[in-house]
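Structure record follows, encoded as structure tokens.
Sequence lines set the chain letters: A, B, ... in the order given, protein chains first and strands last, and positions in each chain run from 1. From a predicted model like this one, the values you see are computed outputs, not experimental measurements.
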Amino acid sequence: MGATSDGDRPWESYQTVYTNAKAGMDGVDKEKVQRVIYEMSKGSKYFENEQRKEAIVKQRIERMRAQCAKLTAKDIAQFQMIADKRILELESSRDLSKIWVHSDMDAFYAAVETLENPSLKGKPLAVGGKSMICTANYEARKFGVRAAMPGFIALKLCPNLVFVPTNFDKYMNYSEKTRKVFRGYDPNFIATSLDEAYLNITTICKDRCVSSQEVAEELRNAIYEETGLTCSVGVAPNRLLAKVCSDINKPNGQFILPNERKAILTFISSLPIRKIGGIGKVTEHILRDVLGINTCQEMLKKSAYLCGLFSPCSIDFFLSVGLGVGNTDTQFRLRKSISSERTFSSTEDQSLIFKKMEEIAETLSNDMQKESLFGRTLTLKLKTTSFEVKTRATSLQKYIQSKEDIFSHATKLLKAELPLSVRLIGLRMSHFCVGTPHSADPMQKTLSGFIFSGGASSSADTNADSLIDSEICFSDDVNDLPLGYDHPEQVDEKHLTHCTGERNEATDDRSVAKVCFIYIYSFYIEMPISSCTQSLMEGMDLMNEEDKSADNRALLSRTQEEVVLWINDYMCSLCGCELPPSFVEERQEHSDYHLAEMLQKESMDNFGKPTQGSNPVQKSPCVGRSARKRRNKSAHNDGKHIPIDCFFERSKKVRRP
DNA sequence: GGGATTTTATGAA
DNA sequence: TTCCATTCATAAAATCCC
């Protein structure tokens with residue numbers, strides 16, 4: 001098959017992400033672009049690695065073809081039944097009641113640069129460096145220049161190309177202006193990047209009795225008035241389709257897909273699969289070369305084969321694409337990892353490699369401090385001189401954040417890989433502990449909620465484990481310990497005996513919670529436990545017996561009331577942090593955070609005792625978790641959500657009919 | 001053997 | 001003359017460990 005014309009036109013087989021057509025590239029001489037990219041790349045280490053990866057994909061395609069060929073008529077009939085059943089289920093989940101908008105700024109970074117420097121107007125412009133371009137304006141796109149293309153190739157395609165370095169502060173500033181406008185149409189809008197967002201305009205349309213077309217026009221005008229920049233929008237009954245629609249009349253245009261099943265199916269029928277978010281170079285290649293699928297509608301025609309080849313998750317995604325069914329609810333995602341990586345000229349010099357890694361550890365640590373994040377899984381990423389990517393990960397006993405901790409654990413990972421010739425080093429932290437609004441675990445009990453609601457959760461989780469599983473944990477840094485203690489173990493022991501009399505296996509979660517609360521309280525106000533234990537313990541015990549003394553009521557209400565006021569029902573009055581109304585748990589936790597802050601401040605006022613160092617609350621008292629196994633790891637996956645980018649080959653252990 | 005963790009691959013902006 | 005980024009999410013496969 002494929003290897004036909006490689007002799008005459010070798011560039012035709014060299015496909016990269018940026019050889020795919022994008023908005024504004026209609027009149028481009030694709031063959032010329034492809035040839036230039038090939039000529040510039042040929043023979044490089046990068047090129048060789050791309051060929052290696054391409055060969056792996058080809059093998060995969062061959063494997064899948066063989067798998068298809070083995071299917072008997074009976075197999076296919078069986079898979080067709082499974083597919084039809086799933087199609088019916090997905091069809092019945094079709095929701096046409098919502099109106100979604102996808103807004104996408106036109107050549108955002110380039111447009112901002114031109115707005116601030118009008119002399120750039122009309123010139124082909126690329127934002128980014130010599131090694132990589134972030135965005136190209138429409139003048140540059142006529143030459144085949146586009147995002148994710150290395151600068152030196154772009155310059156070859158367009159010798160008059162003007163380069164402007166990126167300036168993210170500037171883009172963030174303009175992005176915030178657009179978000180101000182979005183908020184007026186949907187306070188819970190979903191921002192997916194600096195220049196893209198999804199808005200649910202169902203309510204706006206209904207309340208104001210206007211069509212989605214009018215709202216879309218108004219929105220684009222409002223964005224232009226606020227920023228001086230143009231955007232394109234797509235309107236559709238779900239996010240998957242809205243995203244496709246926003247690309248149709250780019251730039252400075254809009255496309256409305258009505259909320260009618262027939263219109264959607266017509267729209268989908270001829271739509272190339274590559275237009276769908278989540279289907280990239282490899283998936284397109286596989287679907288085309290294995291099953292001959294080019295359009296979304298063909299997903300349904302080949303549904304039996306899809307069921308025979310892919311995982312349930314991928315099948316759901318592909319069939320949804322065929323039906324034009326997509327997500328219609330507003331769901332918020334919390335950060336799951338944070339990373340930093342740098343590319344440099346290849347080196348084998350080990351002292352230099354460690355020096356680079358130390359710099360990255362510092363950057364990462366600083367970024368984590370900005371968001372008060374502590375993580376327990378550290379991943380080292382290496383890209384060798386031959387462009388091969390390796391990752392090495394380790395999960396730790398405690399949560400870390402400091403540069404020293406990150407660097408020392410990364411060093412262990414790196415040492416095992418030496419000797420090495422690398423061009424990139426990266427570090428990533430994940431598995432965060434709670435402590436700030438942005439790192440909240442949705443399953444996490446809130447501090448006040450846990451203590452004052454009696455602590456016990458639904459059913460099984462009613463012993464001291466809940467504290468460990470809830471990831472309330474403490475620093476093992478001697479400097480962070482309460483006065484009079486110098487070892488974390490000593491603290492645990494002293495606290496438990498001091499507060500409960502003796503360490504008791506039968507300790508219920510409520511008393512553990514009390515101990516924990518007193519610990520945290522004493523920790524925050526930096527006072528010996530003995531000075532604050534008595535009254536607090538009494539207070540909580542009395543409350544338990546429903547004693548309604550004024551003091552206890554005060555303590556209770558202080559903890560349960562909303563400490564935070566939400567401006568416009570969106571922004572925290574105390575710190576400006578933004579949390580939409582639907583972030584119920586996160587808001588409660590955020591409130592707890594400020595409560596702890598207030599308790600600390602109050603204690604300073606009362607006792608006139610200055611705190612040492614920076615704000616202890618800010619320090620997020622974490623770290624030091626028991627080695628015990630975690631349970632209910634993925635409890636929040638309800639199985640209904642279809643991730644947009646799950647489309648992998650079905651594993652070997654696939655069930656046969 | 002099965003759950004947890006690690007590694008690789010894909011995709012998006 | 002040089003010569004292909006960074007950050008994040010997620011799924012599947014591979015491996016580890018009890």
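- Distance from the side chain of A:Cys313 is smallest to C:dA12 among C:dC4, C:dC8, C:dA12.
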Test side chain to side chain contact (heavy atoms under 4.5 Å, CB included) on A:Leu219 and A:Cys231 and set out the steps. CA-CA 9 Å; A:Leu219 175 71; A:Cys231 68; 5.9 Å; no
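- Residue-environment remark: NZ (A:Lys170) exceeds the threshold of 12 foreign heavy atoms within 6.0 Å.
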For the pair A:Gln369 and A:Ser365, evaluate side chain to side chain donor-acceptor pair (under 3.5 Å) and give the outcome as yes or no after the intermediate values. CA-CA 6 Å; A:Gln369 278 168 44; A:Ser365 173; 3.1 Å; yes
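- Rounded to an integer number of Å, the gap from A:Lys156 NZ to C:dC4 C1' is 16 Å.
- Among the atoms of the strands shown, only primed sugar atoms or phosphate atoms (P, OP1, OP2) are found under 4.0 Å from some heavy atom of A:Ser340.
- Contact annotation for A:Thr379: no contact, since no heavy-atom pair falls under 4.0 Å across all strands.
- Within 4.0 Å (heavy atoms only), A:Arg392 reaches sugar-phosphate atoms of the nucleic acid but no base atom.
- Computed from coordinates, the A:Gln59 CD to B:dT8 C1' distance equals 15 Å when rounded to whole Å.
- Of the side-chain N and O atoms in A:Thr343, one or more sit less than 4.0 angstrom from OP1 or OP2 of C:dT6.
- Across C:dT7, B:dA13, C:dT6, the shortest atom-to-atom separation from the side chain of A:Leu424 is found for C:dT6.
- When each of C:dC3, B:dA13, C:dC8 is scored by its nearest atom to the side-chain atoms of A:Ile338, the top-ranked nucleotide is C:dC8.
- The side chain of A:Phe152 lies closest to C:dC3, out of B:dG11, C:dC3, C:dT10.
- A cation-pi arrangement is present between A:Arg141 and A:Tyr138, with the terminal nitrogen or guanidinium carbon under 6.0 Å from the aromatic centre and inside a 45° cone about the axis.
- For the OP1/OP2 pair of C:dA9 and a distance below 4.0 Å, the side-chain nitrogens and oxygens of A:Ser337 include at least one atom meeting the criterion.
- Note on A:Ser395: only backbone sugar-phosphate atoms sit closer than 4.0 angstrom, heavy atoms only; bases stay farther off.
- Remark: P of C:dC8 and CZ of A:Arg428 are 9 Å apart, rounded to the nearest angstrom.
- For A:Thr391, whose side chain is taken as the heavy atoms from C-beta onward, the closest listed nucleotide among B:dT8, B:dA9, C:dA9 is B:dT8.
- No contact: A:Lys45 has no heavy atom under 4.0 Å from any strand.
- Residue contacts for A:Ile133: at a heavy-atom cut-off of 4.0 Å it reaches no nucleic acid atom on any strand shown.
- OP1 and OP2 of C:dT2 both lie 4.0 Å or more from every side-chain N or O belonging to A:Ser345.
- Taking atom NZ of A:Lys383 as the reference point, atom C1' of C:dC3 lies 14 Å away to the nearest angstrom.
- For A:Ser193, the listed nucleotide lying nearest its side chain is B:dA13; candidates were B:dA13, C:dT7, C:dA12.
- For A:Ile56 and A:Lys243, each mapped to the nucleotide of DNA chain B holding its nearest heavy atom, the one lying further toward the 5' end belongs to A:Ile56.
- A close approach under 4.0 Å does not occur between any side-chain nitrogen or oxygen of A:Lys130 and OP1 or OP2 of C:dC3.
- Contact annotation for A:Leu194: no contact, since no heavy-atom pair falls under 4.0 Å across all strands.
- Legend: residues meeting side chain to side chain contact (heavy atoms under 4.5 Å, CB included) with A:Lys336, ordered by chain and number and at least two apart, are absent.
- Rounded to whole Å, atom P of C:dT7 lies 13 Å from atom CE of A:Met132.
- The nucleotide whose nearest atom lies closest to any side-chain atom of A:Tyr46 is, among B:dT7, B:dG11, C:dC4, C:dC4.
- Checked against C:dA9, B:dT7, C:dC4, the side chain of A:Pro150 finds its nearest nucleotide in C:dC4.
- An OP1 or OP2 oxygen of C:dC3 is reached within less than 4.0 angstrom by no side-chain nitrogen or oxygen of A:Ser44.
- Both A:Val57 and A:Asp104 sit near DNA chain B, but only A:Val57 has its closest nucleotide nearer the 5' end.
- Atom CG in A:Leu396 sits roughly 9 Å away from atom P in B:dT6 (whole-Å rounding).
- Minimum atom distance to the side chain of A:Arg335 is reached by C:dC8, of the listed C:dT6, C:dA9, C:dC8.
- Which of C:dA5, C:dA12, B:dT10 sits closest to the side chain of A:Ala148 comes down to C:dA5.
- A donor-acceptor contact under 3.5 Å is not formed by the side chain of A:Ser131 with the base of C:dC3.
- Atom pair A:Arg52:CZ and B:dA9:P shows a separation of 7 Å (rounding to whole Å applied).
- Between A:Leu155 atom CG and C:dC3 atom C1' the separation is 12 Å, expressed in whole Å.
- Contact check, A:Arg423 against C:dC4: a side-chain N or O comes under 4.0 Å of OP1 or OP2.
- Taking the nucleotide of DNA chain C with the nearest heavy atom to each of A:Asp367 and A:Phe387, the more 5' of the two is matched to A:Phe387.
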Verdict with reasoning, A:Leu157 to A:Val33, per side chain to side chain contact (heavy atoms under 4.5 Å, CB included): CA-CA 7 Å; A:Leu157 287 170; A:Val33 171; 4.1 Å; yes
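- Nucleotides B:dA13 and C:dC4 are separated by 24 Å at their P atoms, to the nearest Å.
- Between A:His102 and A:Tyr198, the ring planes are tilted. Angles from 30° to 60° get that label.
- Every side chain to side chain contact (heavy atoms under 4.5 Å, CB included) that A:Thr379 has, sequence neighbours left out, goes to A:Thr377, A:Thr391, A:Ala393, A:Arg428.
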